[in-house]
Structures are given as structure tokens and as C-alpha cells.
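Everything numeric in this text was worked out from a predicted model, so none of it was measured. We use all heavy atoms of the structure for the numbers below, so side chains are in, but hydrogens, waters and symmetry mates are not. Start at 1 with the first residue, then count along the sequence.
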Amino acid sequence: MRDRTRYLYLAVIVAVLAGIVVGFVWPELGKELKPLGTGFVNLIKMMISPIIFCTIVLGVGSVSKAARVGKVGGLALGYFLLMSTVALVIGLVVGNLLDPGAGLQLTDAAKQAAQAEAAKGGESDTVTFLLGIIPTTLVSAFTEGQVLQTLLVALLAGFALQAMGSRGTPILNGIAHLQRLVFRILAMIMWAAPVGAFGAIAAVVGSTGIKALQSLAVIMLGFYVTCLLFVAVVLGPLLWVVARVNLLSLLRYLGREFLLILSTSSSESALPRLIAKMEHLGVSRPVVGITVPTGYSFNLDGTAIYLTMATLFVASATGAPLSLGEQISLLVFMIIASKGAAGVTGAGLATLAGGLQSHRPDLVDGVGLIVGIDRFMSEARALTNFAGNAVATVLVGTWTGGFDRERAAEVLAGRDPFDEATLLDEDDDDVQVGEGVEGQGAPERPEEGRVAEKV
């Protein structure tokens, strides 16, 4: 089924090009096609609450398991939280500097709607806002589409299951199966992405002409450059200072895995190989067993950069830029909401839509602009996430005394090459929640009907 997802990728590209042509040649027709993009966004919005609930509940369970293994788990979680925050901040800074949606400002109607929503927001005080997070009933958050209420219910459920100990394991396993169903539905919805991308791009090009293409190019190139700078300027020096390992040598050692990710748009596809190669590099098995699977759910640096820059792009493009306070509160939401998200195409869009829905509902329709270029940025997200997890494994190993620097030097110098024959079977059955260290925060293997691109 992975091959079929490549057809989806190609279909989105064709749809974007077709939308550009329609928008330029028949601008009025392009504007009339906007409902196609809006309909697709509404399908994504429909999935926000169940995705947030499942991922947060399972994410809290992952935290409890990692914390139980002591120093390694605690250091890993602390580092993941710090790096995700750094990535989000970098995304906000670059997004504000580039202001990729400047001049786009789709329609006067959108601007007026944004102003009306902003005025509503100004009428409510902090107390009203906080009380509004509490749902009327335990399930009303799901039926009313209130994202922050769903988040509260998910956190309460997660901590309650944590307190139940082993008796909560069957429920966690049930939620894990529910998550599979939710993401299977989302995968089905994503097959409508070409239609949504066609309508959204045609409408925006029909309304603004060449400015739309310029803005989309700026956000894409800005994202690529930001990911590259994060890896080179943040991860590279940190790896050298802590572990005395050269970043380029490590990335060269993982070259096959990066090619695998490029070919599948999935950092998950390289998960078994990363575990085997990190052990061969000289990181102890317990450190690898805890850090790598947990990092796949909690250390999503590329996704963090994407979420913040995409949010700023949507806000600017719709003529309703976010204030600094709104950006910070949205950053906090993204940090929480992105944790534990399984690697499925569309989960990033759902998290983005959820953040906007919770803070500025008037901007949610702008997610349709991102649909057309989301697939172009998926590889950069996956590669950045993968590089971040490889670096994190070495760093945590160094901090906990579980890293053999001499062996690493031999391996990276090519004197002790990795034996491909030792790699474990990549098609092992999924590890259920609660089945030991290997299942801590580990995303499921890519399965039929799913595109396993990291959020």
C-alpha cells in the first residue's frame, strides 16, 4: 500500500498545477471552486477531537512508562520537550521575519470575518476563557468540536488510566485500537486531498494571482532552510559539545536510512534500522530501547517548525495576523497537542487545524492553502525528525554513561561497518501498549491504507 500512497502524492502535485492553471486562465471559475477546499478542510476538522483524544491519552501513557525506567526516561523526555520548544520558537521567529503570507490577504470578506472574531475574543476575559475550557459533560467536547475541552478530557483520562496501573492497560489497548480506526478514517479522507488542493489553490490564485504562488514559494523555501539551520546550527554543535561526535559523520552513517525516508515519506520506515544502527554505533541497548521509540512520538522537531510557520502563514494570508500573546499560547497548545501523534499523513493538518480552531476559529479555512503544499514539505519534516532522534539517542547515551565513544569513532570512520544481515525483521507484529520498553511511545508500523509520514 505504500506504493499506492505515492500515487496520492503525484495526484496532489497534478491537482496543484491544475489549480494554478485554472486560477490564472479562468479566475472567476477558480473562485467558484473554493467550496472544494472548504469541504476538505471540514473533513479534517471532523477528525480533530478524536485524534487529539487518542494521541494525548496514549502519549500520557508513554510518559508514565518512560518515567518508570528512571534516569534514561527522565532525561529523554526533558530533552525532547526542550528541543521541541526550541524548534517551535525558531519556527515562530523565522515565520515572523519572513511573513510569507504578506500581501496575499485573500478577500475583504475574510478580513472582516477575522476582525469580527478578534472583536469577540476581546470581549471575553481570562476567567471566562478558563471556565470555557470545562465541557458541559464528559462527551460534549467531542460533539461540539471544542478542542481545548477535548484536550482537558484527554489529559484527565490519561492521568486517570495512569493511576489505575495495570488495570488500565486493557483500556489503553482499546484506545490504541480506536486510534487505528481514527487514523484509518483519516487516511481515507486524505485521498480527497487532490480535490481539496485543486479547489483551494484555484480559488487563491484566482483571487490574488501571482502573489499566491510567491507566498507559497516563500513558505516552502523558508521551511526547508529553517529545518536545515536547525539541524546544522542547533543539533550539530550540541552533538559535538556533549558527545564529541561530528554531525556530518553521523548523518553519513545513516545515509541509507535517509534515502529510505525520502522514498517513502516516512521516518517510521527507518525506525527498526535506527534502533539497530544506534546499538552498532555504541549506544547501550536500554538507552536505544527507551529513547528511539519514545522520541518517535515526542521528539518531532521538523513537525514543530512546520506547525508554527504554517500557522503564521495562514494568519498572514487571511489578513488576520496573530498577536504575540496568541502566538505564545498557540505554541503551548502545539507542544501538547503534537505529542504522541502517530505518523499518519493528515495528522499534521489536523493538529494545525485544531490549534487554529482553539485560538482563532476564523483562520481554520486557511488550512486549505496548506493542503496543496503540505506534501512538498513532508520529506523535510520526516528527515528533520529522524535526524533529531538520532542525535537525541547519542546525547542521552552520553549523559547516562551508555555511549562508547571509542567504538563510535571506529564505526563512523568506516573501520567497523554495519552488517545489514544483523538487522531484525522489519515486519514484526506491533507491540501493544503496556508490553514493555519497546512499546514506550513507539508508533505503529505503517499498515495498509496509511501514509506513515511523521505528522
Side-chain angles (χ1 to χ4, degrees), residues 62 65-66 68-77 79-80 83 235 238-240 242-261 264 266-299 301 343 382-383 385-431 435-446 452 454:
S62 298
K65 291 173 201 165
R68 280 205 300 268
V69 298
K71 186 177 180 180
V72 174
L75 273 174
L77 290 171
Y79 172 81
F80 295 156
M83 280 297 104
L235 297 182
L238 185 60
L239 181 64
W240 176 255
V242 174
R244 286 294 186 268
V245 172
N246 182 274
L247 177 66
L248 291 178
S249 297
L250 179 63
L251 298 184
R252 193 182 308 116
Y253 171 64
L254 297 171
R256 288 195 180 187
E257 287 65 46
F258 283 112
L259 289 176
L260 180 62
I261 292 169
T264 61
S266 165
S267 57
E268 282 182 345
S269 62
L271 172 60
R273 295 182 59 87
L274 180 60
I275 290 175
K277 279 202 163 183
M278 286 294 100
E279 290 183 9
H280 178 71
L281 184 66
V283 183
S284 68
R285 178 167 294 181
V287 171
V288 175
I290 295 166
T291 307
V292 173
T294 308
Y296 261 65
S297 286
F298 283 83
N299 192 35
D301 301 325
L383 291 172
N385 291 339
F386 184 80
N389 284 317
V391 170
T393 305
V394 176
L395 293 178
V396 173
T398 302
W399 287 326
T400 57
F403 178 58
D404 187 340
R405 189 175 286 112
E406 288 72 22
R407 176 176 173 80
E410 291 292 309
V411 172
L412 296 179
R415 291 187 289 271
D416 186 6
F418 178 73
D419 182 6
E420 296 287 341
T422 64
L423 185 63
L424 297 176
D425 183 9
E426 292 186 19
D427 296 322
D428 289 342
D429 291 336
D430 293 343
V431 179
E435 287 190 350
V437 171
E438 293 296 334
Q440 293 172 14
E444 299 167 1
R445 297 275 194 269
K454 237 10 237 171

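Checking side-chain atoms of Asn385 against main-chain N and O of Asp301 turns up a donor-acceptor pair under 3.5 Å. Checked by atom type and distance alone, the side chain of Arg285 never pairs as donor or acceptor with a backbone atom of Glu279 at under 3.5 Å.
Ring geometry, Phe418 versus Tyr253: the interplanar angle exceeds 60°, so the pair is classed perpendicular (tilted spans 30 to 60°).
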Task: Intermediate values then yes/no, side-chain contact (heavy atoms from CB on, under 4.5 Å), Val292 and Asn389 - done: CA-CA 6 Å; Val292 173; Asn389 284 317; 5.9 Å; no
TODO: Take Asp416 and Arg407 through the test side-chain contact (heavy atoms from CB on, under 4.5 Å) and record every step on the way to the result.
DONE: CA-CA 8 Å; Asp416 186 6; Arg407 176 176 173 80; 3.1 Å; yes
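Thr398 is listed as a side-chain neighbour of Arg405, based on a closest heavy-atom distance under 4.5 Å. Proximity of Leu238 to Val391: side-chain heavy atoms (C-beta onward) are nowhere separated by under 4.5 Å.
Considering CG of Leu247 and CH2 of Trp240, their distance stands at 11.5 Å, rounded to 0.5 Å. Atoms CD and CG, from Glu410 and Asp404 in turn, are 10.0 Å apart once rounded to the nearest 0.5 Å. For the atom pair CG of Leu254 and CG of Leu259, the computed distance is 11.0 Å after rounding to the nearest 0.5 Å.
The two residues Leu281 and Val394 make their nearest non-hydrogen contact at CD2-CG2, 4.0 Å. Ala390 and Leu274 get closest at one heavy-atom pair: CB-CD1, 4.1 Å. The two residues Leu235 and Tyr79 have their closest heavy-atom pair at CD2-OH, 3.8 Å. Closest heavy-atom contact between Leu412 and Ser249: CD2-O, 3.7 Å.
Each of Val396, Val242, Val245 was evaluated against Phe403; a single residue qualifies, Val245, per the side-chain contact (heavy atoms from CB on, under 4.5 Å) test. With respect to Val411, the side-chain contact (heavy atoms from CB on, under 4.5 Å) criterion is satisfied by exactly one of Lys277, His280, Glu406: His280.
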